[in-house]
> 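Before I ask anything, here is the structure I am working with.
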Amino acid sequence: MNGEGSQEPRPEKTPQRAPNPFDGHTFIWLALAFFLYYVIATVSQPSRESLSYSEFKQELITNNVEAVTFRGDQILGSFRNPMDRLPRFSTVQPGVDDDQLLPLLEQNNVTISAESSQDPPWMRLLFAVLPWLLLIVFFLYFSRLMQRRMGGSSKDGMFGFARSGARLFEIDAEGIGFDEVAGVDSAKQDLREIIDFLKEPDRFRKLGAKMPKGVLMMGPPGTGKTLLARATAHEAGVPFFSISGSEFIEMYVGVGASRVRDMFREARKRAPALIFIDEIDSVGRVRGTGMGGGNDEREQTLNQVLAEMDGFSAEEAVVVLAATNRPDVLDPALLRPGRFDRKVTLELPQQSARLAILEVHVRKVPLAGDVRLDEVAAMTVGFSGADLANLVNEAALLAARGQAEAVSRDDFNKAHDRVVMGSERKDLLNPAERLRTAIHESGHALTALRLEEADPVRQVTIIPRGRALGVTEQLPTEDRHNYSEDYLRARLAVLLGGRCAERLVLGNVSTGAANDLEQVTRMARMMVAQWGMSDKIGPVHFHIGSEHPFLGYELTQERDFSESTARTIDAEVRRLVTEAEALCSRTLEESRKDLDRLVEALLEHETLDRETIDAVLAA
Ligand code: ADP
Ligand code: ZN
């Protein structure tokens with residue numbers, strides 16, 4: 001129900017690139033020019049009168065030939081008196097040698113010369129090489145085109161730093177500083193040391209202090225890892241090389257490794273410098289797990305990263321920051337001393353941190369008097385920094401569309417709904433579907449209202465949004481770090497509440513609950529197999545796939561339990577779910593009148609906020 005990490009915007013600044021030593025276009029034009037020149041040179045030979053051999057002989061005998069040039073079996077010549085013909089002529093010798101020709105020529109005082117039958121040597125060389133040259137040029141050109149398509153380096157040449165695909169951000173005065181990264185104070189504290197080192201490497205060197213070569217930043221998407229890395233480089237005033245792990249993996253085996261090499265070489269040249277590798281898990285996964293294919297390439301790339309990090313001495317002021325949201329899958333080799341031995345953990349922001357982040361993002365946004373950022377921070381439980389930035393932007397967009405001078409509280413509420421529940425769909429439900437949806441959502445809402453452990457209801461709507469026909473939004477009163485068994489059981493019951501209500505009121509169920517059931521089953525499995533909440537299974541933890549209950553990562557891992565345990569797990573999961581279903585059925589049956597009232601109100605108003613719900617139920 002919460003917004004997941006939204007698309008991170010690419011840094012706004014245009015990255016600087018190394019100058020381009022080689023441009024495919026230049027070569028193509030050069031080659032074309034040569035080709036054209038040759039064609040024109042060949043075609044535009046000075047035109048001559050074309051004579052048969054006997055005609056030529058005749059002219060010779062009448063002493064009308066001034067000079068001849070032998071070129072292979074061709075004879076080119078000029079007339080003494082062309083009359084009404086062209087001044088020059090050409091003819092071809094017959095296959096058999098004409099013994100009389102030379103004496104005849106000498107007899108008539110004709111100037112004789114000869115040329116090799118072939119093109120001049122430079123021309124021949126060019127023509128031996130030209131097709132290959134063209135081929136190579138086309139190949140380079142297309143491979144660069146492909147690279148650009150695949151989002152790799154674009155305008156860079158094929159050689160040198162550019163090939164690494166890294167984006168280089170020069171030191172700039174108005175870049176992002178630490179005060180633009182909010183709510184991550186402990187992470188900032190950890191990075192201060194790195195900044196000091198990059199600023200004054202000599203001070204550390206003199207004291208023989210060894211700096212960490214690598215810092216691993218771990219945290220969910222959108223928590224500001226990239227932002228923090230850039231801010232670190234900015235604070236230290238050093239160049240910032242940024243590349244994403246997935247960009248290392250290219251079509252050709254070995255490209256990734258050479259990119260790593262190029263990037264490190266360049267960074268060392270410009271030391272002190274900071275290298276940022278995003279999504280390091282895409283190259284740094286545990287080796288040999290056979291996941292995702294393309295192992296060779298990944299391993300080579302990873303090995304190259306490790307070799308580079310081992311290769312530079314502690315004296316070289318190059319620090320590698322790497323980011324991942326999957327620290328659990330990283331190859332242990334990456335985490336050994338001398339590599340990424342420092343770790344910085346970023347969490348989804350708590351309420352106060354959310355407030356701080358919101359404050360950063362509204363700096364350039366004019367707010368109306370009724371906006372209370374602490375209220376916004378309170379209703380954005382589970383939002384990442386990126387989600388919050390997105391929320392502010394959505395609200396500003398809404399205000400702009402409404403021609404408003406400032407962004408109002410209402411804009412924030414609307415933006416929140418859109419971000420959390422998806423945008424409203426225009427298509428209307430038919431009356432039967434609408435009734436069923438109202439019953440379904442009322443079931444969720446009422447179960448949540450009646451069960452003490454469940455998160456409070458914020459609003460219910462039967463306006464189709466995103467892919468859902470209706471939404472019941474709950475909002476935790478505080479940020480949770482930990483879930484009690486009672487809370488989880490209540491959550492199961494609330495998730496099943498929609499289906500329970502349909503069964504209770506309409507006497508049957510529909511496909512609309514598929515998504516609810518999926519969540520229920522996933523959570524029940526975790527309760528049984530990982531959180532020790534089943535007495536039959538006991539307090540043990542089995543790998544069953546996803547690691548985080550509400551993020552829904554799937555990770556195939558070898559099953560570490562027996563067939564009979566699997567059967568017990570299945571049975572226990574079913575028991576938990578059945579118990580939850582009984583709980584919600586009982587709850588709804590006891591409040592049947594309230595359920596009907598809620599359905600009626602929903603059909604009338606389509607969206608009910610918490611106050612309206614309370615009013616309806618109190619009536
Ligand atoms: P990550 O690299 O962890 O996925 P990013 O650093 O790319 O996340 O964050 C994306 C955007 O979210 C940033 O550009 C920024 O606008 C916003 N953001 C994330 N965390 C914070 C924060 N702590 N303070 C301010 N803005 C943040
Ligand atoms: Zn539902």
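Numbering of ligands and ligand atoms starts at 1, following listing order. Hydrogens, waters and symmetry mates are skipped; everything else that's a heavy atom, side chains included, is used. The first residue of the sequence shown is numbered 1, and numbering continues consecutively from there.
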> Give, rounded to 10 degrees, the angle between NE2 (His444) and NE2 (His440) as seen from the Zn ion (ligand 2).
90°
> Should you measure from each heavy atom of Pro221, which atoms of ligand 1 turn up under 4.0 Å away?
4 (O)
> Counting only nitrogen or oxygen atoms and a 3.5 angstrom limit, does Gly222 reach ligand 1?
yes
> Around Arg409, counting heavy atoms of other residues, nucleotides and ligands shown, do more than 12 lie under 6.0 Å from its CZ?
no
> Of the backbone and side-chain N, O or S atoms of Asp516, does one lie nearer to the Zn ion (ligand 2) than 2.8 Å?
yes
> Ignoring hydrogens, what is the shortest heavy-atom contact between Ala322 and Phe340? Give both atom names and the distance.
CB-CE2, 3.4 Å
> Could you tell me, atom by atom, which parts of ligand 1 come under 4.0 Å of a heavy atom of Val181?
23 (N), 24 (N)
> Quick check on contacts: which atoms of ligand 1 are under 4.0 angstrom from a heavy atom of Leu227?
6 (O), 14 (O), 15 (C), 18 (N), 21 (C), 25 (C), 26 (N), 27 (C)
> Atom CZ of residue position Arg592 - does it have more than 12 heavy atoms of other residues, nucleotides or ligands inside 6.0 Å?
yes
> Would you please determine whether His361 falls within less than 4.0 Å of ligand 1 on a heavy-atom basis?
yes
> Provide the closest heavy-atom pair for Pro212 versus Asp341 in the form atom of the first, atom of the second, distance.
CB-OD1, 3.9 Å
> Given Arg489, which of Glu579, Glu453, Glu452 fulfils the salt bridge (charged side-chain N to carboxylate O under 4.0 Å, His left out) condition?
Glu579
> Please walk me through it: do Thr223 and Glu347 pass side chain to side chain donor-acceptor pair (under 3.5 Å)?
CA-CA 7 Å; Thr223 42; Glu347 299 283 351; over 6 Å; no
> I want to confirm something. Looking only at heavy atoms, which of Ala386, Ser384, Gly219 is nearest to atom 11 (C) of ligand 1?
Ala386
> Just one of Glu441, His440, His444 clears the side chain to side chain donor-acceptor pair (under 3.5 Å) bar with Thr472, so which one?
Glu441
> Check this for me: does any side-chain nitrogen of one of Arg525 and Asp570 sit under 4.0 Å from a carboxylate oxygen of the other?
yes
> Could you tell me whether Ala182 and ligand 1 have an N or O pair separated by under 3.5 Å?
yes
> Heavy atom of Glu180 under 4.0 Å from ligand 1?
yes
> Check each atom of ligand 1 against the heavy atoms of Lys225 and keep those under 4.0 Å away; list them by number with element.
1 (P), 2 (O), 3 (O), 4 (O), 6 (O), 8 (O)
